[in-house]
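Here the structure is laid out as structure tokens; the discussion comes afterwards.
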Amino acid sequence: MDTTSGRTNNNRGRIRRLVRKAVYALLAIAAAAWGAVLLMPSPVPVKVMEVAAGPFSVTVSEEGKTAIRNRYTVSAPVTGYLNRTVLRAGDRVRRGETVLAVLDGEPSGLLSPRALAEAEARLRAAEAARSLRKAELDRARVGYDLAKKQFERIDRLLPSGGIAKQDWDVAENRVQLLSRDVKAAEFALRMAEFDTEQARSSLIQGPEKGKPSEPVRVLSPVDGYVLKVFEESARPVQAGTPLLEVGDPDDLEGEADLFSADAAGVVPGMEASIDGWGGDRSLRGRVSAVERSGFTKVSALGVEEQRVKVRVDILDPVPPGYLLGDRFRIVVRIVVRSDGGVLQVPLSALFRRGTEWHVFTAGGGTARDRKVETGDSNGIMAEVLSGLKEGERVILHPSEKIRDGVKVVQE
């Protein structure tokens with residue numbers, strides 16, 4: 001009995017020791033595992049965006065100014081004494097009605113044969129120029145009427161899908177451009193008529209003896225506003241002295257001096273928008289001309305820059321309650337490229353490695369370094385040429401914590 005009891009006690013002690021060792025081993029394993037968990041880096045929170053194909057446009061933006069398309073500098077037709085000018089910049093003028101200036105002509109006596117011949121030659125040249133301008137106006141009106149009829153037919157087909165939207169845009173653009181041509185031709189004709197009257201006034205032989213000379217009244221050649229007064233005070237002036245500048249502020253265009261590298265990709269007909277003019281929405285525009293001669297412009301930092309002047313037609317009328325005049329500040333944005341389905345990635349996801357562009361993808365919760373090839377950029381998105389597929393997610397604004405193989409979690 002004593003021997004059996006001793007063996008039983010020994011077995012129980014051995015079991016208790018084994019159990020204690022097993023518990024200690026499990027505790028050691030648990031502690032090691034817990035320590036490993038504590039030492040493991042936690043996933044880095046990141047913002048991600050899915051790479052997708054969609055509309056993509058590239059614009060060229062530059063500050064500019066408005067400009068009255070057709071302006072006219074009124075000069076003294078004869079030598080004489082200019083009376084004080086009562087008009088001021090901003091005053092409205094009517095063609096053939098508003099008196100811009102009054103001159104008391106000096107007694108000239110009879111014209112010499114040579115002076116008379118010169119004056120008659122100037123009058124004939126002015127009358128020929130007037131005839132030419134009238135013919136140009138007739139041609140412009142015929143072209144405009146034809147384009148307008150064609151556009152009206154196309155416009156009726158657009159709701160039913162009988163015409164492509166692109167063809168409709170081309171027809172609308174043609175009507176607008178020809179309308180501008182008609183206005184320009186009308187203005188040129190009025191200028192030619194005014195020049196003819198000035199040339200005819202130079203043929204005045206002077207008053208008869210004892211009869212006072214009639215003052216010369218210079219009438220406005222166009223409907224519009226006074227833009228600038230060159231001579232305000234009364235004083236003697238020579239024939240050809242600039243007196244006032246007049247024009248119509250409703251006939252505006254935009255001007256912008258682009259960098260020559262940007263202007264090289266701009267052609268007439270490109271769509272544009274006018275911003276920063278004072279209203280709460282953009283005005284539609286279209287490039288009308290790109291000058292083929294650049295000039296040097298010194299920036300505010302003293303850097304010499306090669307610039308090219310670009311002119312833009314303003315297509316939308318100024319909304320009620322706003323006045324837009326000559327030489328007002330604007331921001332011109334020209335669309336140099338517009339596509340419907342371009343694979344693109346945010347610029348905030350791109351970073352440089354040497355001369356190459358890279359991104360971090362976030363597939364499966366792990367950051368992966370990926371080399372990509374990009375094309376055009378619009379300042380927000382960049383065109384993806386290779387290296388990414390539609391639907392992949394890229395990390396935005398990757399910090400120094402993001403490296404290849406690092407665990408990430410979306411914020």
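Because the structure is predicted, anything quoted here is derived from the model rather than measured.
- Atom OG1 of T241 and atom CG of L103 lie 9.0 Å apart (nearest 0.5 Å).
- Looking at heavy atoms from C-beta onward, L243 lies in side-chain contact with L82 at the 4.5 angstrom threshold.
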Side-chain polar contacts of residues 396-406 - donor-acceptor pairs under 3.5 angstrom, sequence neighbours left out - could you list them?
| residue | atom | partner | partner atom | Å |
| --- | --- | --- | --- | --- |
| S399 | OG | K401 | N | 3.4 |
| D404 | OD1 | D369 | N | 2.8 |

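- Considering only heavy atoms from C-beta on, P319 comes within 4.5 Å of L283 through its side chain.
- Residues forming a salt bridge (Lys or Arg N to Asp or Glu O under 4.0 Å) with E291 (at least two apart in sequence, or on another chain): R311.
- Between the CZ atom of R174 and the CD1 atom of I154 there is a distance of 10.5 Å, given to the nearest 0.5 Å.
- Counting heavy atoms from C-beta outward, V345 and V394 have side chains that approach closer than 4.5 Å.
- Between D316 and R284 there is a salt bridge, since a side-chain N of the basic residue sits under 4.0 Å from a carboxylate O of the acidic one.
- In this structure, CZ in R286 is found 5.0 Å from CG in L315, a value given to the nearest 0.5 Å.
- Heavy atoms only, all atoms of each residue included: A89 and V229 are closest at N-CG2, 4.1 Å.
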Review point. Which is it for L385 and T374 under the side-chain contact (heavy atoms from CB on, under 4.5 Å) test, yes or no, and what are the steps along the way?
Key: CA-CA 5 Å; L385 300 179; T374 61; 5.9 Å; no
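- Across E97 and L219, no two heavy atoms sit closer than the pair O-CD2, 4.2 Å.
- Remark: the backbone N or O of K407 is not paired with any side-chain donor or acceptor of T366 at under 3.5 angstrom.
- For the side chain to side chain contact (heavy atoms under 4.5 Å, CB included) test, residues two or more places apart in sequence or in another chain that qualify with P45 are V409, E411.
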Review point. Hey, mind stepping through R235 and E231 against salt bridge (Lys or Arg N to Asp or Glu O under 4.0 Å) and telling me if it holds?
Key: CA-CA 9 Å; R235 73 176 187 89; E231 298 290 345; 2.8 Å; yes
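- No side-chain donor from either of S273 and R333 sits under 3.5 Å from a side-chain acceptor of the other.
- The ring pair (Phe, Tyr, Trp, His ring centres under 6.0 Å) pairs that include a residue from residues 160-186 are F151-W168, where partners are two or more places apart or lie in different chains.
- Under the 4.0 Å criterion applied to side-chain N and carboxylate O atoms, E63 and R329 are assigned as salt-bridge partners.
- Between R84 and E232 the shortest heavy-atom distance is CG-O, 3.3 Å.
- The side chain to side chain contact (heavy atoms under 4.5 Å, CB included) search around D251 returns R69, N70, R180, not counting sequence neighbours.
- Contact check for S61 versus V331: side-chain heavy atoms found under the 4.5 Å cut-off.
- Looking at every heavy atom in both residues, T98 comes nearest to R92 through OG1-O, 4.4 Å.
- Within a 6.0 Å sphere centred on CZ of R88, other residues, nucleotides and ligands contribute more than 12 heavy atoms.
- In this structure, the side chains of M270 and V335 stay at 4.5 Å or more apart for every pair of heavy atoms.
- Without hydrogens or angle criteria, D248 side chain to D250 main chain gives a donor-acceptor distance under 3.5 Å.
- Scanning both residues, V312 and S288, for their nearest heavy atoms gives N-OG, 4.0 Å.
- In this structure, T59 OG1 and I334 CD1 are separated by 9.5 Å, a value rounded to the nearest 0.5 Å.
- No donor-acceptor pair closer than 3.5 Å links the side chain of Q150 to the backbone N or O of K148.
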Exercise for review: Report the C-alpha separation of V218 and V102 in whole Å, then their side-chain angles, then the decisive distance to 0.1 Å, and conclude whether the side-chain contact (heavy atoms from CB on, under 4.5 Å) test is met.
Suggested key: CA-CA 6 Å; V218 181; V102 178; over 6 Å; no
**Study point:** Stepwise side-chain contact (heavy atoms from CB on, under 4.5 Å) check, R130 with L189
**Key:** CA-CA 6 Å; R130 180 180 62 179; L189 176 60; 4.0 Å; yes
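- Every residue meeting the side chain to side chain contact (heavy atoms under 4.5 Å, CB included) condition with R352, not counting sequence neighbours, appears here in chain and number order: W357.
- Between R337 and D339 a salt bridge is recorded (basic side-chain N to carboxylate O distance below 4.0 Å).
- A distance of 9.5 Å separates CD1 of I330 from CD of E253, quoted to the nearest 0.5 Å.
- Closest of all the heavy-atom pairs between F360 and A367 is CD2-CB, 4.4 Å.
- S377 OG to L350 CG: the interatomic distance, rounded to the nearest 0.5 Å, is 8.5 Å.
- A 4.5 Å side-chain heavy-atom check between V246 and V74 finds at least one atom pair inside the cut-off.
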Quiz: residues 131-146 side-chain donor-acceptor pairs under 3.5 angstrom, not counting sequence neighbours:
| residue | atom | partner | partner atom | Å |
| --- | --- | --- | --- | --- |
| S131 | OG | E127 | O | 3.1 |
| R141 | NH2 | E186 | OE2 | 3.3 |

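- E356 pairs by the salt bridge (Lys or Arg N to Asp or Glu O under 4.0 Å) definition with K371, not counting sequence neighbours.
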Check your understanding: Between L100 and V93, is a side-chain contact (heavy atoms from CB on, under 4.5 Å) present by the stated rule, with each step listed?
Key -> CA-CA 8 Å; L100 301 181; V93 294; 3.8 Å; yes
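- The ring pair (Phe, Tyr, Trp, His ring centres under 6.0 Å) contacts involving residues 221-257 comprise nothing, where partners must be two or more places apart or lie in separate chains.
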Donor-acceptor pairs under 3.5 angstrom involving side-chain atoms of residues 300-310: please list them, not counting sequence neighbours.
| residue | atom | partner | partner atom | Å |
| --- | --- | --- | --- | --- |
| E305 | OE1 | R307 | NE | 3.2 |
| E305 | OE1 | R307 | NH2 | 2.8 |
| Q306 | OE1 | T296 | OG1 | 2.5 |
| R307 | NH1 | E62 | OE1 | 3.3 |
| R307 | NH1 | D257 | O | 2.7 |
| K309 | NZ | D257 | OD1 | 3.1 |

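- Side-chain contact between L252 and L324 is present, with heavy atoms from C-beta onward closer than 4.5 Å.
- Checked by atom type and distance alone, the side chain of T85 never pairs as donor or acceptor with a backbone atom of L87 at under 3.5 Å.
- For Q410 and R393, the side-chain atoms include at least one donor-acceptor pair closer than 3.5 Å.
- With sequence neighbours excluded, the residues that form a side chain to side chain contact (heavy atoms under 4.5 Å, CB included) with R71 are I68, L227, E245, D326, R327.
- R368 is not listed as a side-chain neighbour of E392, based on a closest heavy-atom distance of 4.5 Å or more.
- Pairs of residues two or more places apart, or lying in two chains, that qualify as ring pair (Phe, Tyr, Trp, His ring centres under 6.0 Å) and include a residue from residues 254-294 are W277-Y322.
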